[in-house]
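Single-structure report; data block below.
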Number of protein chains: 2
Amino acid sequence: MERNTKQRDAIRQVFEATPRPLGPTEVLEAGREHMGSLGIATVYRTINALVDSGWLVPVELPGEAPRYERAGIAHHHHFRCRSCTRVFEIPGCPGDLRELTPAGFRLESHDVTLYGQCARCAAA
Amino acid sequence: MERNTKQRDAIRQVFEATPRPLGPTEVLEAGREHMGSLGIATVYRTINALVDSGWLVPVELPGEAPRYERAGIAHHHHFRCRSCTRVFEIPGCPGDLRELTPAGFRLESHDVTLYGQCARCAAA
DNA sequence: GTAGGTGCAAATTGTTTGCAAGTCG
DNA sequence: CGACTTGCAAACAATTTGCACCTAC
């Protein structure tokens, strides 16, 4: 990530303009609106570099392809609506998960994903 | 799943003998100890058939290929070792995750995944 | 000018499918 | 026997990498 190219500008713009996590293909399509020619390999390489540099963080949900969003959000988890498939961020965290850890195991981090109906789908 | 072949017996034996979720490659390697020749395509076909029949359930961890375990075990979660990449079952559950659920949302189920070092890798 | 970056295509990895040969019932 | 299964290899899909050309600095 030493040079500032128009491809990278376009990719960063896409993430700055979109309020939800994006997958590589979505970035490719949105990026091509900013600049005509953009290769999928460049998107993958740039995303990986932006993750390494800490500008992006991966958002991985069970059974789904990874998506990426801008870094800087506080520790949080996700709620996935089974009806509309949208994913929401939830601020809380169960916290004391050490008690679940088997003896001799060392706990480093955790993921929590809730499933159900979002407010809009539950009301409908 | 109409016939009872030795390949299928071997694959079922692997799941019955192993107390943690297994991926297709792990099943292939363990199955070859029960019977010499076993093809990866057969493993995939048999796993998919066993899932359809309800004998196996998929265990999907964020950002990873699916693993499978026998259906019918009690509610539990998973611990993934960052060193050896094996996944273990952990009996506990944080319990009242309703407090994390945003207002108006209806919580139906949840996944919890812990990450760290398993006992063997932590000791090494 | 030159090292880093891009884009294409080939290579990798993981999973599914077509088909001839093998096997269960 | 005859249909279901297997195993190989080819087909796919997603992602990474090799390499010649290009471009920011």
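Here is how names work: the chains are called A, B, and so on, in the same order as the sequence lines, proteins then strands, and each is numbered from 1.
Within the nucleic acid shown, B:M1 comes within 4.0 Å of sugar-phosphate atoms alone, with no base atom in reach, counting heavy atoms only. Residue B:T25 is out of contact with every strand shown, counting any heavy-atom pair closer than 4.0 Å. Using a 4.0 Å heavy-atom cutoff across all strands shown, B:I40 reaches no nucleic acid atom at all.
Taken to the nearest 0.5 Å, the OG1 atom of A:T101 stands 5.0 Å off from the CG atom of B:L114. For the atom pair CZ (B:R120) and CD (B:Q117), the distance works out to 11.5 Å, reported to the nearest 0.5 Å.
Summarising the geometry of B:A71 relative to B:V57, their closest heavy-atom pair is CB-CG1, 3.8 Å, with the distance given to 0.1 Å. A:P94 and A:V112 get closest at one heavy-atom pair: CG-CG2, 4.0 Å. Between B:V51 and B:P58, the shortest heavy-atom distance links the atoms CG1-CD, 4.2 Å. Across all their heavy atoms, A:A103 and B:A119 have their closest contact at O-CB, 4.3 Å.
Contact of A:R3 with D:dC25 (side chain to base): no donor-acceptor pair of N or O atoms is detected under 3.5 Å.
The nearest whole Å value for the distance from the NZ atom in B:K6 to the P atom in D:dT6 is 11 Å. Separating the CG atom of B:D9 from the P atom of D:dT5 is a distance of 13 Å, rounded to the nearest angstrom. Atom-to-atom, CD of B:E64 to P of D:dT15 comes out at 15 Å; the value is rounded to the nearest Å.
Defined by atom type and a distance below 3.5 Å, a donor-acceptor pair is missing between the side-chain atoms of A:Q7 and A:T42. Side-chain atoms of A:H110 and B:H77 form no donor-acceptor pair, as typed in the model, at a separation below 3.5 Å. Judged by distance alone, the side chains of B:R70 and B:T18 never bring a donor and an acceptor atom under 3.5 Å apart.
Listed by residue number, the members of residues 41-60 of chain A with any heavy atom below 4.0 angstrom from DNA chain C are A:A41, A:T42, A:R45.
Both B:P24 and A:S37 sit near DNA chain C, but only A:S37 has its closest nucleotide nearer the 5' end. DNA chain C is contacted by both B:E2 and B:P66; B:P66 maps to the nucleotide lying nearer its 5′ end (nearest heavy atom per residue).
Chain B approaches DNA chain C over the interval C:dG14 to C:dG25, counting the first and last nucleotide 5' to 3' with an atom under 4.0 Å from its heavy atoms.
OP1 or OP2 of D:dT6 lies within a sub-4.0 Å distance of a side-chain N or O belonging to B:T5.
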